[in-house]
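Atoms considered below: every heavy atom in the structure, side chains included; atoms not considered: hydrogens, waters and symmetry mates. All of these numbers come straight from a predicted model, not from anything done at the bench.
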Amino acid sequence: MAPESSNGVSKGDGMEGGSADGTVMGGLNGDYDRKIIRTVTMSCETKAYDDAVTVIMTALNTHGGYVEASNVTGTGFENVKNSARRASYTLRVPAEKLDAFLETLRADDGIRILSQNATSSEITAAYYDTVSRLETLKAEKASLTAMLEGFTDYKDISNMLKVQERLYNVIEEIEALQTKLNLYDGQVAMSTVHLTLREVIVYTAVAEPDPTFGQRVKEAFVESWTDFGRGWQNFFVWFIEAFPTLLVAVGIHA
């Protein structure tokens, strides 16, 4: 297993810094941080809505997260209108604190988790291809800038304008790629948790999954031995109760 770096993502080793199409990732030297975006979707319910919200927000603040978006509907069962409250949150949690944050919610008796799905999307190749492209464009920008500053003959005005146009295009591409990298960095550093919380009076019944073949065989084996032992116990009890009668019967026949 690859070790984790300080920003919560695994660190690759023994792998070349390149993409699937053979593009070399500049400046990696065969050692780079893997870029992984983690997303969790949770569905929860509670009988104590206000307390549950407090637990969620306290855990979020404790682990350095924040609310990116929220939507709350309903007025509560204590209200005259008597409507259940339902909250939908988009939470951002530091990647290295995500597991601890989720464990805090699981450990709280007032929050019942109905479902939880987690995904991890690796963007390492795309990230470092973008880094490589950005470095190339920055080098081109420096070259074009030098060329533009070197024009002294107004007879070359046509070429100067072409260089200037290319320079502007390069600057736009650099800004777009830098924005893309900033977005990647934010998604990797801060995991996303989509959490819904529903207020209920009675918890939803959760159907147990059908047992597997192995579980059924194990249960049948245990049950058969239990029945076997219970049968011998019943026979022994019957034998003790019937023993005097058996003795009399044997004496009569003798």
Kindly indicate whether the side chain of [X], heavy atoms from C-beta on, has any atom under 4.5 Å from the side chain of [Y].
| X | Y | result |
| --- | --- | --- |
| R85 | D50 | yes |
| R86 | E199 | no |
| L148 | Q164 | yes |
| T104 | D108 | no |
| P94 | M190 | yes |
| R106 | E103 | yes |

- Message: Using every non-hydrogen atom in the two residues, find where T46 and G110 come nearest and quote the distance to one decimal.
- Response: OG1-O, 2.6 Å
- Query: Taking all non-hydrogen atoms of both residues, which atom of S88 and which atom of T196 are closest, and how far apart?
  - Reply: OG-CG2, 3.8 Å
- Query: How far apart are the C-alpha atoms of N169 and E165, what are their side-chain angles, what is the distance that settles it, and do they pass the side chain to side chain donor-acceptor pair (under 3.5 Å) test?
  - Reply: CA-CA 6 Å; N169 290 336; E165 181 182 6; 4.7 Å; no
- side chain to side chain donor-acceptor pair (under 3.5 Å) partner of R38, chosen from T192, T119, D99: D99
- Message: Under 6.0 Å from the ring centre and within 45 degrees of the ring axis: does the NZ or CZ of K35 meet both conditions for the six-membered ring of Y184?
- Response: no
- Item | Worked verdict on Y66 versus N61 for side chain to side chain donor-acceptor pair (under 3.5 Å) | CA-CA 7 Å; Y66 64 90; N61 292 331; over 6 Å; no
Nearest-0.5 Å distance that lies between atom [atom1] in [X] and atom [atom2] in [Y]:
| X | Y | atom1 | atom2 | answer |
| --- | --- | --- | --- | --- |
| T90 | H194 | OG1 | NE2 | 5.5 Å |
| S191 | E96 | OG | CD | 8.5 Å |
| I123 | D129 | CD1 | CG | 11.5 Å |
| E135 | I174 | CD | CD1 | 11.5 Å |

- Task: Flag the pair K47 and D109 as a salt bridge only when some basic side-chain nitrogen lies within less than 4.0 angstrom of an acidic carboxylate oxygen.
- Result: no
- Query: Is K138 salt-bridged to E173, cutoff N-O under 4.0 Å?
  - Reply: no
- Matching residue for K141 among L144, L137, T145 - test: side chain to side chain contact (heavy atoms under 4.5 Å, CB included):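 Exactly one candidate clears the test, T145.
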- Can T204 and E45 be counted as having a side-chain donor-acceptor contact under 3.5 angstrom?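 Yes, a side-chain donor-acceptor pair sits under 3.5 Å.
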- For S83 and T75, test the side chains for any donor-to-acceptor distance below 3.5 angstrom and give the result as yes or no. yes
- Dump the intermediate steps for side-chain contact (heavy atoms from CB on, under 4.5 Å) on V163 and L161, then the final yes or no. CA-CA 5 Å; V163 172; L161 292 175; over 6 Å; no
- Task: Report, as yes or no, whether the 6.0 Å neighbourhood of atom OH on Y168 holds more than 12 heavy atoms from other residues, nucleotides or ligands.
- Result: no
- Side-chain donor/acceptor of S143 to backbone N/O of A139, under 3.5 Å: no
- Message: Given 3.5 Å as the limit, does a donor-acceptor pair link the side chain of T179 with the main chain of E175, or not?
- Response: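 A pair under 3.5 Å: yes.
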- Task: Determine, stepwise, if the pair L177 / L181 fulfils side-chain contact (heavy atoms from CB on, under 4.5 Å).
- Result: CA-CA 6 Å; L177 289 177; L181 280 180; 5.8 Å; no
- Given side-chain contact (heavy atoms from CB on, under 4.5 Å), test V200 with R198 step by step and report yes or no. CA-CA 6 Å; V200 298; R198 187 167 62 95; 3.5 Å; yes
- Item | Nonpolar side-chain network containing V40, other nodes, edges under 4.5 Å |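 Direct or chained contacts put V40 with M42, Y49, V53, V55, I56, M57, L60, V67, V72, Y89, L91, V93, L98, F101, L102, L105, I111, I113, V193, L195, L197.
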- Item | Trace of the side-chain contact (heavy atoms from CB on, under 4.5 Å) decision for Y127 with D33 | CA-CA 10 Å; Y127 183 93; D33 286 340; over 6 Å; no
- Item | hydrophobic_cluster_shared for M147 and I157, side chain cutoff 4.5 Å | yes
